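Each chain gets a letter, A, B and so on, in the order the sequences are listed, and its residues count up from 1. The basis for the numbers below is simple: all heavy atoms, side chains too, and nothing from hydrogens, waters or symmetry mates. Given the structure is predicted, the values throughout are model-derived calculations rather than measurements.
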Number of protein chains: 2
Amino acid sequence: MKKVTMADVAKLANVSKSTVSQYLNKRYEYMSEETRKRIARAIEELGYQPNIIARSLKQKTTATIGVIVFNILHMLTIQVLHAIEEACQERGFHVIVSNSDDDPEKEKKYIDMLLAKQVDGLIVFTTGKNEDVYQRLVEERFPLVFVDRMVPGVEADAILLDNKRAAALAVEYLASHGYERIGAVAPPLASHVVPRMERIEGFRQALTEKGLPVIADYFVTAEISSIQRELAKLFASGRPPEALFAINDLTLMKILHFVKNNGIHVPDDLALISIDDVPFADIYTPTLTTIAQPTFAMGKKAAERLFMQIVRKQKHKPQIFRFPPTLIERKSVRQRGNNNDGRR
Amino acid sequence: MKKVTMADVAKLANVSKSTVSQYLNKRYEYMSEETRKRIARAIEELGYQPNIIARSLKQKTTATIGVIVFNILHMLTIQVLHAIEEACQERGFHVIVSNSDDDPEKEKKYIDMLLAKQVDGLIVFTTGKNEDVYQRLVEERFPLVFVDRMVPGVEADAILLDNKRAAALAVEYLASHGYERIGAVAPPLASHVVPRMERIEGFRQALTEKGLPVIADYFVTAEISSIQRELAKLFASGRPPEALFAINDLTLMKILHFVKNNGIHVPDDLALISIDDVPFADIYTPTLTTIAQPTFAMGKKAAERLFMQIVRKQKHKPQIFRFPPTLIERKSVRQRGNNNDGRR
DNA sequence: TTGTATGCGTTATCAT
DNA sequence: ATGATAACGCATACAA
């Protein structure tokens, strides 16, 4: 099928392989117009296409990067991936995408496979584990960038949202609209899942800074599948929160399910604000006030940093980049002028 | 960095490269327990990892496939991609993802680059153009599978939704609920964008089969960005449709915007049904009746067919697989018992 | 300006 | 059971 090689072109053009090679690499400074044309014609005629694998073997570089994500279906993932892919195209790089499913074992396996495939660098939406593996990579100066999450002990570039700021934005906005009893909803906390920790911690801090009550019961942290149940408990017993802060789109979805199933009116019965700007934010009723991440910029930055490491393999100072969240004001939080907490 | 090679292992273990190679490929039938252990230890000690590029050069196979998509942000894309990625992982394959942005030029370029990189096969969500390029691929028996769309003249495997059936499902459901004046909304029609054509054609056919009026004005085909404007015209002049069929999620979004901005009540003023099961379908008010595509099954099938072509490179009969749509009944279409068309 | 020779890290063939 | 050697397709130093 694809059997035509450089040797074939050389033969047809009556030159040597080296000359063809030079031609391909645009080193035609010392090449006669004549031979250049002959080679061009030979290539054309044979439909020759260079074998990049062979080139890679020689040059020890593949113009390919690996991206490992913990959840390929997540909106953030896909948007960042989009930016990464675009940046790579501009540089003539390819990207191999692997989905770890948030399983550290899989993650480790894919890192190994990708390395074996000689990728020039790795961008990873990490599970947060595998510290040893990453440690080895940074020691070897292998180009590596974390996105969205990171591994605490590892000194590598990381592209993160300014999570504390995002949480603070939410609290401040709610506070300025007269809300006091505010709850937060998140998946289970785990020290290796950095954004979750930072958002909840940021939330707690902002609350105290604003002089608002920190109510233990109002911190709903549960598996996504149990969130509705937990919310039901919360709203059944005692005084429910006036507002809820969803730390990401998945938890928001669950809250939205919950309010729909229970006839809770947003924002009159319950105000809502969340991180991640969901696509339906402005067609939902009410439209959803959200805190957006600059996903495209983050992906672009991740690619940039990786390329930086790839081109100059010397030591570089690993940095953590915190991207600013943006509050998008819509209608799921209203101004609570007078302290009415009745329905409708 | 990653400099330890098979030769190093061989030296340390006091054997030849060939023996190490055999060990790696698990051909230890004729290998003494003794040497096997020595090799294992040497590998361990040196942290040796085989260079897959070198292997690929020799074996002429990369265990890598290319996937070219016309819109990486599209929900369908991402779900199908997920399935493809999973299937590939099971087989130890990697997938390189490229985004053509629905630009045939880009598409062509990526095909060439991917071929140069010696991918073992291509799954493409095609722009519908580049017939010549694809023609050449099938002539060369290069493993190729189209997904979602296809290129009319090209005899290759294609994984498609049964688009006509999907449109018919919509019409039948609407008809059975008492709707008669039904419109459809789609991006501009183009003969090379197969699903669009098939859905609209299927819609028209189903209408006539059901004895319902086919009203030219009710076919809204416009750029996504102009759809709202076109809908406004339609609803301003004359008698608006009682129900609308959105041929995909993007058009649905625009319709949803439109009804929100114009205070049109769904389903009382206007019933809605669409292809693609959007994630917010059952938190929207009313919940959205949709026609879902079996995205995961489609992705899996695409990978399967590609693998089939990859393993036995002999001729195979190209097939078009049409996957059955599923109507998910929710609340955006109501039973129109009595012919009231008033509001609320 | 172009050609020769060698190496990249494997696998495969054929000896031994 | 294990080893020597020749590919794989290209790039590059050096020669001519």
ask   = Hey, is the main chain of A/Asp103 close enough, under 3.5 Å, to the side chain of A/Asp101 for a donor-acceptor pair?
value = no
query = In whole angstroms, how far is the P atom of D/dA4 from the CE atom of B/Met6?
reply = 13 Å
inquiry  = Within the 3.5 Å criterion, strictly below it, is a donor on A/Asn99 or B/Glu85 matched to an acceptor on the partner's side chain?
reply    = no
Atom-to-atom span, NZ of A/Lys60 to C1' of D/dC10 - whole angstrom = 14 Å
message = Rounding to an integer number of Å, can you tell me how far A/Tyr23 OH sits from C/dT1 C1'?
response = 16 Å
task = Classify the nucleic acid contact of A/Asn14 as base, sugar-phosphate or nothing, counting any heavy atom under 4.0 Å across all strands shown.
result = sugar-phosphate
request  = Take atom CZ of A/Arg36 and atom P of C/dT2, then tell me their distance rounded to the nearest Å.
outcome  = 10 Å
inquiry  = For the residue pair A/Ser21 / A/Ser18, report whether a side-chain donor-acceptor contact shorter than 3.5 Å exists.
reply    = no
message = With a 4.0 Å limit, can you tell me whether B/Ser32 has a side-chain N or O closer than that to the phosphate oxygens OP1/OP2 of D/dT2?
response = yes
request  = Any salt bridge (Lys or Arg N to Asp or Glu O under 4.0 Å) involving residues 295-307 of chain A? Give me the pairs, sequence neighbours left out, ordered by first then second residue.
outcome  = A/Asp157-A/Arg305
ask   = Has the side chain of B/Lys58 got a donor or acceptor atom sitting under 3.5 Å from an opposite partner on the base of D/dA7?
value = yes
Side chain of B/Thr19 (C-beta onward), nearest among D/dG3, D/dG9, C/dT10 = D/dG3
message = Is B/Thr5 close enough to C/dG9 that one of its side-chain N or O atoms is under 4.0 Å from OP1 or OP2 there?
response = no
query = Can you find a side chain N or O atom of A/Asn25 that sits less than 4.0 Å from OP1 or OP2 on D/dA11?
reply = yes
task = Using five pairs at either end of the helix from C/dT1-D/dA16 to C/dT16-D/dA1, determine the angle between the two local helix axes and round it to 10 degrees.
result = 40°
query = Which one, D/dA11, C/dG9, C/dT11, comes nearest to the side chain of A/Leu57?
reply = C/dG9
inquiry  = What is the distance, to the nearest angstrom, from the CZ atom on A/Arg55 to the P atom on C/dG9?
reply    = 18 Å
ask   = Rounded to whole angstrom units, what separation is found between the CG atom of B/Asn51 and the C1' atom of D/dC10?
value = 15 Å
Could you go through nucleotides 13-16 of chain C and list every protein N or O atom that sits under 3.5 Å from one of its N or O atoms, giving the distance for each pair?
none

request  = Look at all strands and tell whether A/Thr35 reaches a base, only sugar-phosphate, or nothing, counting heavy atoms closer than 4.0 Å.
outcome  = sugar-phosphate
Short side-chain N/O contact from B/Tyr48 to OP1 or OP2 of C/dT10, under 4.0 Å = yes
request  = Take atom NZ of A/Lys117 and atom P of C/dC8, then tell me their distance rounded to the nearest Å.
outcome  = 23 Å
inquiry  = When you measure only distances, ignoring hydrogens and angles, does the side chain of B/Lys17 come within 3.5 Å of the base of C/dT10 through a donor and an acceptor?
reply    = yes
task = Report the distance from atom NZ of A/Lys11 to atom P of D/dG9, rounded to the nearest whole Å.
result = 13 Å
query = Between CZ of A/Phe321 and CG of A/Leu160, what distance do you get to the nearest 0.5 Å?
reply = 10.5 Å
remark   = CD (A/Gln135) and CG (A/Asp132) are apart, to the nearest 0.5 Å, by 8.5 Å
note = Whichever of B/Ser16 and B/Gln59 has the more 5' nearest nucleotide on DNA chain D, that residue is B/Ser16
query = Is it true that a side-chain atom of A/Asp120 and a backbone atom of A/Ala63 form a donor plus acceptor pair closer than 3.5 Å?
reply = yes
ask   = Under 3.5 Å, is there a donor-acceptor pair between the side chain of A/Arg149 and the main chain of A/Val193?
value = no
Distance (rounded to the nearest 0.5 Å) between B/Met150 CE and B/Ile159 CD1 = 11.5 Å
inquiry  = Test your reading of the model: is there a side-chain donor-acceptor pair from B/Gln309 to the backbone of B/Leu144, 3.5 Å cut-off?
reply    = yes
